[in-house]
Amino acid sequence: MTKQFAVIGNPIEQSRSPELHHAFAAKTGVDLNYQKILAPLDAFETTVQDFFAHNGAGMNVTVPFKEQAFALCDQLTERAKIAKAVNTLWMQDGKLFGDNTDGQGLVAAIQALGWTLEQSRILILGAGGATRGVIYPLAQAGAKQIVIANRTVARAEQLVEDLKNSVPQTALSAIALEQLTGEFDLIINATSVSLTGDALQLPESLVFHHAYEMAYGKKSSFLDQAHARGVPTSDGFGMLVGQAIEAFSIWNGVKPELKDFL
Ligand code: NAP
């Protein structure tokens, strides 16, 4: 029987998840159908319940519902508990399970680039939902230092407070975005400036050796500045594929190779 999957969000038209999951299915021989569901902003819960009541096998969750999905689950993975957000849902023994695969998707994408995370010093720009989701997986992958820089510094400080006990091997700290300085192996842009068309200014006193932009398919002043410095760069398409592979593997028990889909 064809297994039914979906991605739920609002808006949803832009989602590339159906094409990715159909490509994974073609490669691995899994029989599935994966659709987009536009949920009304005030009806996320009933839309999810309806999907699983009609034999839905699994669901991805995107903006703006990841926190609501977290609140809805009966069982959560450790990384979803830490992220306080869920992007992957499935039913097991009548219970709704939730995971967050975004962070592992980023780690897999960075490793596929051949960039080393073991003992790395990482600067993350932004302290929103995406940053919350990636700190634990980056720490698990061996980061020795993670500095979070945010326009609203109190939000970065709160993130450090919430997460520091979950990543005891990693030095976690917060700074204001206008205080960028120091040397890092990797800088990650997890602000939404590339979506809004705003620019980020990286000062000369900030030294970095690799640059990862979480957004994809958009012009990025962050990547332009990294290119000008001649450091290796990547946009966020690999992270998107990586999180989709993790979800596919949870649901179907078979893991496609990231490099086949980049
Ligand atoms: P979010 O929760 O809305 O957080 C946005 C962050 O951007 C906040 O830290 C905010 O700072 C900062 N920001 C917004 N405008 C700014 C400006 N003009 N100057 C400086 N900082 C600014 O967003 P999110 O969910 O974390 O997503 C962040 C980015 O990651 C987006 O580009 C998203 O597309 C991308 N993403 C990609 C993937 C993938 O699979 N590739 C997955 C998840 C997210 P304040 O706190 O000061 O407002």
Side-chain angles (χ1 to χ4, degrees), residues 7 9-21 60-70 79-80 82-88 99-110 112-113 123-138 146-163 174-180 187-203 206 211-223 225 233-248 258 261-262:
V7 57
N10 187 331
I12 200 60
E13 210 35 61
Q14 78 295 345
S15 174
R16 298 188 63 180
S17 292
E19 71 184 84
L20 288 174
H21 282 266
N60 283 131
V61 181
T62 188
V63 176
F65 297 127
K66 290 183 189 181
E67 286 79 17
Q68 283 186 59
F70 169 79
R79 60 193 183 186
I82 291 167
K84 293 200 169 114
V86 157
N87 77 334
T88 303
D99 194 1
N100 189 316
T101 67
D102 282 336
Q104 188 50 40
L106 174 68
V107 166
I110 290 172
L113 289 162
L123 173 65
I124 305 182
L125 311 181
T131 298
R132 182 179 280 278
V134 302
I135 289 171
Y136 180 68
L138 287 171
I146 300 177
V147 177
I148 305 165
N150 200 42
R151 178 176 60 179
T152 312
V153 69
R155 204 172 172 199
E157 286 166 350
Q158 187 62 54
L159 217 49
V160 170
E161 205 45 43
D162 290 351
L163 294 182
I175 59 170
L177 202 54
E178 62 267 23
Q179 285 172 344
L180 295 181
I187 176 171
I188 299 171
N189 184 16
T191 71
S192 48
V193 294
S194 302
L195 303 182
T196 56
D198 293 335
L200 275 178
Q201 200 52 49
L202 305 177
L206 176 66
Y212 197 95
E213 164 70 84
M214 279 200 190
Y216 54 89
K218 301 275 178 192
K219 184 164 169 34
S220 161
S221 75
F222 169 82
L223 285 182
Q225 291 170 75
T233 63
S234 175
D235 74 4
F237 184 67
M239 176 178 177
L240 178 81
V241 179
Q243 62 77 26
I245 283 177
E246 280 286 307
F248 186 92
L258 181 61
F261 300 93
L262 294 176

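Numbering of ligands and ligand atoms starts at 1, following listing order.
Summarising the geometry of Ile188 relative to Leu138, their closest heavy-atom pair is CD1-CD1, 3.9 Å, with the distance given to 0.1 Å. Closest approach of Leu180 to Leu177, counting heavy atoms only: CG-O, 3.1 Å. The two residues Val61 and Lys66 come nearest to each other via the heavy atoms O-CE, 3.5 Å. Considering every non-hydrogen atom in both Arg155 and Gly128, the closest pair reads NH2-CA, 3.6 Å. Taking both residues in full, the closest heavy atoms of Leu223 and Ala211 are given as CD2-O, 4.3 Å, listed atom of the first, atom of the second, then distance. The two atoms that bring Thr101 and Ala247 nearest to each other are CG2-N, 4.0 Å, heavy atoms only.
Taking a 6.0 Å sphere around CD of Glu13, one finds it holds 12 or fewer heavy atoms contributed by other residues, nucleotides or ligands.
Every atom of ligand 1 is numbered from 1 in the order shown, and the set under 4.0 Å from a heavy atom of Ala215 is 32 (O). Heavy-atom contacts of Gly128 reach the following atoms of ligand 1: 2 (O), 4 (O), 9 (O), 26 (O) (cutoff under 4.0 Å). Taking every non-hydrogen atom of Gly126 and a distance limit under 4.0 Å, the qualifying atoms of ligand 1 come out as 9 (O). Listed by number with element, the atoms of ligand 1 under 4.0 angstrom from any heavy atom of Leu240 are 40 (O), 41 (N). Every atom of ligand 1 with a heavy atom of Val193 under 4.0 Å away is listed here by number and element: 16 (C), 17 (C), 18 (N), 19 (N), 20 (C), 22 (C).
In terms of polar-atom proximity, defined here as any N/O pair under 3.5 Å, Ala127 does make such a contact with ligand 1. Note: an N/O pair closer than 3.5 Å links Gly129 and ligand 1 by distance alone. Backbone and side-chain nitrogen or oxygen atoms of Gly236 are examined, and one is located within less than 3.5 angstrom of a nitrogen or oxygen of ligand 1. Here's the thing with Lys66: none of its N/O atoms is less than 3.5 angstrom from an N/O atom of ligand 1.
The pair Arg132-Glu67 does not meet the salt-bridge criterion, since no charged nitrogen lies less than 4.0 angstrom from a carboxylate oxygen.
Judged purely by distance below 3.5 Å, without hydrogens or angles, the side chains of Ser194 and Glu213 pair a donor atom with an acceptor atom. Using modelled atom types, one finds a donor on one side chain and an acceptor on the other under 3.5 Å when comparing Asp102 with Asn87.
Look at Thr196 and you'll find every heavy atom at least 4.0 Å from all atoms of ligand 1.
For the pair Ile148/Glu157, no side-chain contact is recorded, criterion being any heavy-atom separation below 4.5 Å from C-beta on. Considering only heavy atoms from C-beta on, Ile110 comes within 4.5 Å of Tyr212 through its side chain. Side-chain contact between Asn189 and Met214 is absent, with no heavy-atom pair separated by less than 4.5 Å.
Protein heavy atom in closest approach to atom 28 (C) of ligand 1: Ala190 O, 3.2 Å. The protein atom (non-hydrogen) at minimum distance from atom 20 (C) of ligand 1 is Leu177 CD2, 3.5 Å. Shortest contact from atom 31 (C) of ligand 1 to any protein heavy atom: Leu195 CD1, 3.7 Å. Nearest non-hydrogen protein atom to atom 42 (C) of ligand 1 is Met239 CE, 3.6 Å. Atom 9 (O) of ligand 1 has its closest protein heavy atom at Asn150 OD1, 2.7 Å. Closest to atom 14 (C) of ligand 1 among all protein heavy atoms lies Ser192 OG, 3.3 Å.
Of the heavy atoms in Asp198, only side-chain atoms (C-beta onward) come closer than 4.0 Å to ligand 1. Contacts of Thr191 with ligand 1, taken as heavy-atom pairs under 4.0 Å, involve both backbone and side chain. The proximity of Val63 to ligand 1, defined as any non-hydrogen pair under 4.0 Å, does not occur for either the backbone or the side chain.
Using a 4.0 Å threshold on non-hydrogen atoms, atom 34 (O) of ligand 1 counts as touching the protein.
Evaluated by nearest non-hydrogen atom to atom 8 (C) of ligand 1, the leading choice among Arg155, Arg151, Met214 is Arg155. Remark: among candidates Ser194, Ala244, Ala130, the nearest residue to atom 24 (P) of ligand 1 is Ala130, based on non-hydrogen atoms. Counting heavy atoms only, Thr152 comes closest to atom 47 (O) of ligand 1 of the residues Thr152, Asp235, Val134.
The aromatic rings of Tyr216 and Phe237 sit perpendicular, their planes meeting at an angle over 60°, well past the 30° parallel limit.
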